[in-house]
J.: 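The structure follows.
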Protein chains: 2
Amino acid sequence: MVGGGQLARMTHQAGIALGIDFRVLAGSAADSAALVSGSVHVGNDRGSADLPAFAKSCDVLTFDHEHVPEPVLRELEEAGAVVRPSRAALRYAQDKLRMRTRVQELAAPCPRWRPVTTPAHVESFAEAGKAAGGRSAGPDWPVVLKAARGGYDGKGVWIVHNAAEARDVIDRAAAEEVPLLVEEKVAFRRELAVQVARSPYGQLAVYPVVETVQRDGICHEVIAPAPGLDEEKATRAQELAIELAHALDVVGMLAVELFETEDGVVVNELAMRPHNSGHWTIDGARTSQFEQHLRAVLDLPLGSPRTTAPYTVMANVLGGEDPDVYGRYIHVMAKDPELKVHFYGKEVRPGRKIGHVTVAGEDHGDLLARARDAAAYLKGDPR
Amino acid sequence: MVGGGQLARMTHQAGIALGIDFRVLAGSAADSAALVSGSVHVGNDRGSADLPAFAKSCDVLTFDHEHVPEPVLRELEEAGAVVRPSRAALRYAQDKLRMRTRVQELAAPCPRWRPVTTPAHVESFAEAGKAAGGRSAGPDWPVVLKAARGGYDGKGVWIVHNAAEARDVIDRAAAEEVPLLVEEKVAFRRELAVQVARSPYGQLAVYPVVETVQRDGICHEVIAPAPGLDEEKATRAQELAIELAHALDVVGMLAVELFETEDGVVVNELAMRPHNSGHWTIDGARTSQFEQHLRAVLDLPLGSPRTTAPYTVMANVLGGEDPDVYGRYIHVMAKDPELKVHFYGKEVRPGRKIGHVTVAGEDHGDLLARARDAAAYLKGDPR
C-alpha cells in the first residue's frame with residue numbers, strides 16, 4: 001500500500017488475519033501505518049523516486065491516498081506493476097473535472113457544474129441557476145467552487161456569494177495552477193455515502209447506505225445504516241455505486257458520497273480506497289472495508305458486507321489544544337465499556353483526525369449521543 | 001509481549017486500535033507475531049539472556065506463553081519490571097502440582113489427583129479410585145498422568161491403563177526430570193471453558209462459558225456460548241473463574257478449562273494469557289480477548305465481554321500434507337462469504353495450528369458444520 005496514513009494502518013490490521021505479507025511505502029517512519037507494520041519502506045509515496053522499487057517488491061500495488069500523479073502510475077503499469085485500482089480508474093478519483101464529465105455521461109444524477117477560469121464564468125453560472133428551476137431552483141448565489149485536484153477534508157472547497165469572492169478564489173487557484181469547477185450548492189436534506197467493493201473478476205459487495213454528518217467539510221459522524229432512509233432512495237444509491245464501480249472499472253473499495261434531496265440522491269464525490277464513511281464496518285459489519293479492499297485488490301472472493309448490529313455509529317476524534325489524549329481515553333473506556341476506540345498513533349494537533357470511536361446497538365439516537373460525547377471528551381472540549 | 005506466536009500476533013492486531021506501542025520479543029524473525037509487528041526484538045524469549053534488556057524498553061511485560069522460568073521472572077521483578085500477570089500468579093499456570101494444590105485449598109471442584117514418582121503410586125491411586133464411589137466411581141483404570149510442567153496441546157498428558165504403561169511414562173519423565181501427577185479420568189459429558197479478565201485494580205469482565213471440542217488433546221472447535229448449558233452450571237463456572245482470578249491474583253486474561261459432569265463442573269486446566277478457547281471473541285464479542293488482555297495488563301478500564309451474535313463457532317486450522325493452504329482458502333472464501341479466516345503466517349506442517357476460522361449466526365449446528373467444513377478443506381483433508 002502506497003501511503004502510510006490511518007487507512008494503511010487499518011488495512012494492515014485487517015491484513016494480519018488474511019496471513020498476507022503487507023508492505024507499506026510511508027513518507028516517514030513516524031507515519032500512522034509505519035508505526036505498526038512489519039514491513040515498512042520509508043520513501044517518497046507521491047513521486048517517482050521510490051515507487052518503482054517498492055512496486056517491484058509487491059505482487060499488487062494499492063493506495064491509501066490519491067496523490068500519486070498519473071504519469072507515475074503510467075510508468076508503474078508500463079513496467080509491469082499490478083496497480084489496483086488502475087491508473088485509468090484512479091484518474092476519476094484524482095480529478096473532479098474528469099469525474100463530473102464521466103458521471104454526467106453515465107446519466108448519473110449530479111449537481112449542475114462547469115469548469116471555470118474567470119469570475120464571469122461563475123457569475124453566468126449562478127445567473128443561469130436562477131433561471132433553471134427544478135432541483136437547482138432557489139437562490140442563484142451562493143455557488144460552490146472546487147479545486148479539481150488535491151482537495152480533501154474540506155480543503156479545496158469554497159462557498160462563494162458573489163463575483164468578488166469568486167475572483168479571490170480564482171486568483172489564488174491560478175497562482176497554484178489548480179483548475180477549478182463551479183457547482184450549484186445543492187439544497188440537500190442530509191449527506192449520505194455508500195461503499196461498494198469490486199474485484200478484478202467483477203464480483204461486487206455493496207454496503208448499506210449510511211448518513212454522514214460533516215462539519216467544516218470534515219466527516220464528523222457516520223450513522224449506519226442511514227436512519228429512516230426510504231427503500232427507493234437506498235436502492236437507487238446502491239445501484240449508482242454499482243454502476244459507477246463497473247463503468248469506471250474500479251478494483252477495490254469505491255466510496256460514493258451523495259446528497260439526499262427531496263426527490264432523490266445526487267452524486268457528490270468519489271473515492272477509490274477505504275474511506276472515512278466506512279470506518280464503522282470494523283465493528284459493525286461482517287467484513288470490514290479494510291479486509292474487503294484487500295480481498296478485492298488481491299482478487300480473493302469478497303466477504304459478506306452484512307451488518308452485525310441494527311445500527312453502528314462512528315465519530316471521528318479530532319485533536320484539541322491539550323495533547324494528553326491517552327490521559328482522557330481511560331475515562332471514556334470507563335464510562336462506556338461498549339465503546340470501541342481506534343487510535344492512529346498520530347501526534348495530536350488541533351483539528352487533525354487522530355482516531356475514531358464506534359458504538360453499536362439498537363437506538364441510533366442513543367448511539368450517536370454516546371459516540372459524540374466520547375469524541376468531544378477525547379478532543380478535550382469544555383463540558 | 002514475550003513470545004512471538006499467534007497469541008502475540010493477534011494481541012498486536014488488537015493493540016493497533018488502542019494506539020499503543022506494542023513490542024514483541026520473538027525467538028525468531030519468522031515467528032508469527034514478528035512478521036506483522038512494527039517493533040520486534042529477536043532474542044531468547046524463555047531464558048535470561050535477552051529478557052532484562054527487553055523488559056527495560058517496556059512499561060509493562062506480558063506473555064504469549066508460560067515458558068519463562070520462575071527465577072528469571074523473579075529477577076525481572078526485582079529489577080523493577082512490571083510483570084503482568086506476576087511471577088506469583090504465573091507459577092500456578094506453569095506448574096500443575098502447585099495449581100492443583102491451590103485449587104484444592106480453595107475448595108474448587110477438581111479431579112482427584114496426587115503427585116507420583118513410582119508406578120506403585122499410580123496403582124494405589126487407581127485402586128483407591130475403585131473404592132471411592134461418587135464422581136470418581138467407575139473403572140479404576142485408566143488414569144491420567146500429566147507432566148507438571150511444560151505440557152501443552154496434548155503434549156505431557158498420557159492415559160495409562162495399567163502399572164506397566166504407567167512405568168513407561170514415569171521412566172521417560174524421570175529421564176527428563178519432569179515431575180508427574182496422576183489424575184482420575186473424569187467421566188465428563190463435554191469440555192467447557194470460561195475466560196475472565198482481571199485488572200490490577202481488581203476489575204473483572206467474564207465471558208460466556210463455551211463448549212470446547214478436543215481431539216488428540218488439541219482444541220479443535222469452540223462453540224460460544226455452550227449450547228444448552230444449564231444456567232446453574234454456567235453461573236457456577238463463571239463464579240469459579242472469578243474466584244480463581246482473585247485468589248491467584250491474576251492480571252490479564254485467565255482461561256479456565258472445565259469438565260461438565262452429570263452434577264456440575266470440574267476445573268481441569270488454567271492459562272493466564274489469551275487462549276485458544278477465546279479466539280471466537282475477535283468476531284463474536286464486543287471486546288476480543290486480545291484487546292481485553294491488553295486493557296487489563298495496561299490497567300485500562302475493561303471492555304464489554306458481550307456477545308455480538310447468538311452463537312459464534314471457531315475451528316482451528318491445522319496444517320496437512322499439502323502446504324498450499326492459500327490455494328485452498330480462495331475456495332473457502334468463495335463458498336462462505338460470512339466465514340472469517342485468521343491465518344498466523346506460519347509454515348505449514350502436518351498437525352500444526354496455522355490459523356482458525358470463525359462463523360457467527362443463529363443456528364450453532366449449522367455454524368459448526370460450516371466452520372468444520374472450512375477447516376477440513378483448508379487442511380486438505382480428502383472430501
Side-chain angles (χ1 to χ4, degrees), chain A residues 9-10 12-22 29 32-40 203 205 282-284 286-287 291 295 298-306 308-309 325-326 329-346 354-356 358-361, chain B residues 9-10 12-22 29 32-40 203 205 282-284 286-287 291 295 298-306 308-309 325-326 329-346 354-356 358-361:
Chain A
R9 181 184 175 98
M10 292 184 274
H12 171 54
Q13 193 182 20
I16 290 174
L18 297 180
I20 61 171
D21 178 8
F22 181 85
S32 189
L35 295 171
V36 298
S37 300
S39 186
V40 181
Q203 193 196 357
I282 299 176
D283 300 305
R286 193 50 67 198
T287 309
E291 179 183 340
R295 287 169 77 146
L298 296 173
D299 203 8
L300 295 169
L302 301 181
S304 164
R306 197 164 59 83
T308 54
V325 66
Y326 294 97
Y329 94 163
I330 292 181
H331 301 287
V332 163
M333 287 183 182
K335 184 178 179 193
D336 195 341
E338 294 279 325
L339 193 91
K340 306 312 299 171
V341 301
H342 297 262
F343 275 78
Y344 307 155
K346 289 162 130 183
I354 55 165
H356 72 267
T358 316
V359 58
Chain B
R9 181 184 176 99
M10 292 184 275
H12 170 54
Q13 193 183 20
I16 291 174
L18 297 180
I20 61 170
D21 179 8
F22 181 85
S32 190
L35 295 171
V36 298
S37 300
S39 185
V40 181
Q203 194 195 358
I282 300 176
D283 301 305
R286 192 50 67 200
T287 309
E291 179 183 340
R295 288 169 77 145
L298 296 172
D299 203 7
L300 294 169
L302 301 181
S304 164
R306 195 165 60 82
T308 55
V325 65
Y326 293 96
Y329 95 162
I330 292 181
H331 301 287
V332 163
M333 288 182 181
K335 184 177 179 191
D336 195 341
E338 296 279 324
L339 192 92
K340 306 313 298 172
V341 300
H342 297 264
F343 274 78
Y344 306 154
K346 289 163 131 182
I354 56 166
H356 72 268
T358 317
V359 59

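Computed from heavy atoms alone, side chains included, the values below leave out hydrogens, waters and symmetry copies.
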J.: Using non-hydrogen atoms only, which part of L302(A) is less than 4.5 Å away from chain B: side chain, backbone, both, or neither?
T.: backbone

J.: Can a donor-acceptor pair be found, under 3.5 Å and without considering hydrogens, that links the side chain of T308(B) to the backbone of G284(B)?
T.: yes

J.: Compare all side-chain heavy atoms of M333(A) with those of L18(B) and state whether any distance is below 4.5 angstrom.
T.: yes

J.: So, for D283(B) and R286(A), which heavy atoms are closest and what is the spacing to 0.1 Å?
T.: O-NH1, 3.4 Å

J.: Evaluate the side-chain proximity of I282(A) to T358(A): yes if any heavy-atom separation is below 4.5 Å, no if none is.
T.: no

J.: Less than 4.5 Å to any heavy atom of chain B: does that hold for the side chain of H331(A), its backbone, both, or neither?
T.: neither

J.: K340(A) versus chain B, heavy atoms under 4.5 Å apart: side chain, backbone, both or neither?
T.: side chain

J.: Determine whether a donor-acceptor pair (N or O, by modelled atom type, separation under 3.5 Å) exists between the side chain of R9(A) and the backbone of I16(B).
T.: yes

J.: Which one, A334(A), G345(A), A205(A), A14(A), leads in non-hydrogen pairs under 4.5 Å with chain B?
T.: A334(A)

J.: Counting heavy-atom pairs closer than 4.5 Å to chain B, which one of K346(A), H342(A), Q203(A) comes out on top?
T.: H342(A)

J.: Check each atom of I330(A) against the heavy atoms of chain B and say whether the ones under 4.5 Å are side chain, backbone, both or neither.
T.: both

J.: What option among G15(A), G19(A), A360(A), S32(A) has the most heavy-atom pairs under 4.5 Å with chain B?
T.: G19(A)

J.: If I measure from the heavy atoms of chain A, does V341(B) come under 4.5 Å with its side chain, its backbone, both, or neither?
T.: both

J.: If I take atom OH from residue Y326(B) and atom CD1 from residue I20(A), how far apart are they, to the nearest 0.5 angstrom?
T.: 9.0 Å

J.: Below 4.5 Å from any heavy atom of chain A, which atoms of L35(B) appear? Answer side chain, backbone, both or neither.
T.: backbone

J.: What part of H12(B) is in contact with chain A, defined as an atom under 4.5 angstrom from a non-hydrogen atom: side chain, backbone, both or neither?
T.: side chain

J.: Using a cut-off of under 4.5 Å on heavy-atom pairs, state which of P305(B), A17(B), P337(B) scores highest against chain A.
T.: A17(B)

J.: Check each atom of F22(A) against the heavy atoms of chain B and say whether the ones under 4.5 Å are side chain, backbone, both or neither.
T.: neither

J.: At a heavy-atom separation under 4.5 Å, does T287(A) approach chain B through its side chain, its backbone, both, or neither?
T.: both

J.: What are the two closest non-hydrogen atoms of L339(A) and R295(B), and how far apart are they?
T.: O-NH1, 4.4 Å

J.: Measure distances from R306(A) to the heavy atoms of chain B and classify the residue's part below 4.5 Å as side chain, backbone, both or neither.
T.: side chain

